[in-house]
2 protein chains.
Amino acid sequence: MTAASPARASFVRAPDARRQSLIEACAAGLAVRGVAGLSVRSICADAGVSPGLLRHYFAGIDALVAATYGHVGEQVSAALAAAVAEAGASPRARLHAYVTASFRPPIAAPELLATWLAFWSLVKTDPEIARLHGEIYAAYRVELEQLLADAGVAAADIRLAAIAVTALVDGLWLELSLDAQVFTAAEAGAMAERWLAAWLPPSA
Amino acid sequence: MTAASPARASFVRAPDARRQSLIEACAAGLAVRGVAGLSVRSICADAGVSPGLLRHYFAGIDALVAATYGHVGEQVSAALAAAVAEAGASPRARLHAYVTASFRPPIAAPELLATWLAFWSLVKTDPEIARLHGEIYAAYRVELEQLLADAGVAAADIRLAAIAVTALVDGLWLELSLDAQVFTAAEAGAMAERWLAAWLPPSA
DNA sequence: GACCACGTTATACGATCGTATAACAAGGGT
DNA sequence: ACCCTTGTTATACGATCGTATAACGTGGTC
C-alpha cells in the first residue's frame, strides 16, 4: 500500500460541522423521502460521512430526528422573529407579519411539509418529540398572544384567539403545501386578515 | 402426516372479506405504528393471513395503502353525511353539523391522526395518493360550498369561505389530535362558529 | 520525532424488509 | 368419485435495515 494509494479515504476533522451536516441531511432527507424513506445510510451519504458516524454523534436515528426537529423549530422561530422585526412598530403590522410569514418562504417551503409531517407522526410514539412539540407550539402561541394583546384583542378573548389563529394558519399552510393549485399565498393572507378582524375590536 | 395433524393450517375461502381485512389491518397498523412502522408482515399478521396474500390482492404494499386511503375517506364522508342528515332541515344547522363533525368521534379519533399523516406524507411521492387527496379534499369543499350557499354566504365569497373554513377545521382537528390538553372539542366548535359568522350575513 | 486521544472510515452482524414461488386445500362442476 | 380452478399457507430469496466494532488517520502536546 503506497502513499499514493491510501487504504481508505483521507479526512479532515470537523466535529461541530459534521454533527450539523448530519442534522441538515436528516432534514433534507425527510423532505425528499418522507419518514418511510429515511435511513442511516441515506442520511450519512447525503452528509458525506460514513454510516458509523451517526451513532457516534447521536444515540440512534431517532435521536437524530429529535435533534433535527429542534433545529427546524429554531429556524422557523427565527424567520418569524425577522418578519416581525421588519414590520416596524405598529402592533397591527407586527401581528399581520407574524401571521402571514407562514405563507411565504422560508416557512412555506416544500421541504418543510414532510419534515413537520414526520415530526407529527412521532408525537404519539416518542416522548422527546412530544415534549419538543409542546414547547414549539406553546412558544408560537405565547408570542401570538402578546401580539394579539398589543393589537387590542380583548383580554378575555386572547387565549382562544391565539389558538384559533394558530389553527387557521396551520390549516392554510398545510393545504398550501399539499396542493398549491387550490389557492394562492396572497389569498391565504387575506383569509388570515379576515380571521384576525373577527377577533380585533373595530378600528377607529 | 395423519388427518388429525394437518401439514398446514386449514382455512376457509373468503376473498371479499380477506381483501377487506387487509385494508382494515392497514388502517389500524398506520394508526398504531405510523408509516415508518408499517410492514407486509405486521399488516398480514393483524389481518390473520399469511404474508404472501398481500401480493395476491394488491400490486404491493403501496397499492394497499392507496386502497386504505380510499376506504378511510369513504368512512369520513359517511360520518359527515350522517351528521348533516341528523341536523334536520335548517341550512345553518346543517352547516354547523358538517363543520363540527370533525371535532367528535368517529372523525376525531386518535387512530385517524396517524392515518392522515401517513397519507399526507405520501402525497408528494405517490401520484395515486396525490390524486385521491385531490378528490377527497375537493369533495369536502364542494359539499361545504353548497351548505355555505344554502346558509346565505354571498356568492362572491363562497370559494374563499369554503377554503378558509376547511383550513380552520383541519388546523383545529390536527391540534386536538396532537395534544388534547390545549383546548376542548366544545371550544373548537365555538371557534368554528365564530369563523362561520365572519362569512355569513348578519341574521335577522 | 514520538505519543496519544479521538474523530473517522470501512465493514460485519443479526434482523427485517418486500416480493416471488411452490405446494396444497377448498369448493364447484361434471 | 374425479378433475380443475383458485384462494391460501408456508417459505425462500436478495436487498436493506440499525447497530456494533476494528482499524486507522488527524492533529495536538511534549
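Chain letters run A, B, ... following the sequence lines, proteins first and then strands; every chain starts at 1. This structure is a prediction, so every number in the text was calculated from the model and none was measured.
Using the six-membered ring where Trp is involved, A:Tyr137 and A:His133 have ring planes that are tilted, between 30° and 60° apart. In this structure, B:Trp173 and B:Trp120 have perpendicular ring planes: the angle between them is above 60°, well past the 30° mark. Ring planes of B:Tyr140 and B:Tyr98: parallel class, angle under 30° (limits at 30 and 60°).
Residue-environment remark: CD (A:Glu86) stays at or below the threshold of 12 foreign heavy atoms within 6.0 Å.
Nucleic acid contact for B:Leu64: none, since no nucleic acid atom lies under 4.0 Å from a heavy atom of the residue. Across all strands, A:Ile61 comes closer than 4.0 Å only to sugar-phosphate atoms, never to a base (heavy-atom distances). Within the 4.0 angstrom heavy-atom criterion, only backbone atoms of the sugar-phosphate kind lie near A:Tyr57; the bases stay farther away.
At a cut-off of 3.5 angstrom, the base of D:dG25 holds no donor-acceptor pair with the side chain of A:Arg8. B:Arg41 contributes a side-chain N or O that forms a donor-acceptor pair with the base of C:dG18 under 3.5 Å.
Nucleotide D:dT19 holds its P atom 10 Å from the CD1 atom of A:Ile43, rounded to whole Å. In this structure, the CZ atom of A:Arg18 is 11 Å from the C1' atom of C:dT9, given to the nearest Å. In this structure, CG of B:Asp16 is placed 14 Å from C1' of D:dT6, rounded to the nearest angstrom. As rounded to whole Å, 14 Å separates atom C1' of C:dC17 from atom CZ of B:Arg33. Between B:Gln20 atom CD and D:dG7 atom C1' the separation is 17 Å, expressed in whole Å. Atom-to-atom, CG of A:Leu22 to P of D:dT19 comes out at 13 Å; the value is rounded to the nearest Å. The nearest whole Å value for the distance from the NE2 atom in A:His56 to the C1' atom in C:dA10 is 16 Å.
Taking the side chain of A:Arg13 as heavy atoms from C-beta on, and the options C:dT11, D:dC17, D:dG25, the nearest nucleotide is D:dG25. Distance from the side chain of B:Ser39 is smallest to C:dC17 among C:dC17, D:dT8, C:dT8. For B:Ala9, whose side chain is taken as the heavy atoms from C-beta onward, the closest listed nucleotide among D:dT8, C:dT19, D:dT9 is D:dT9.
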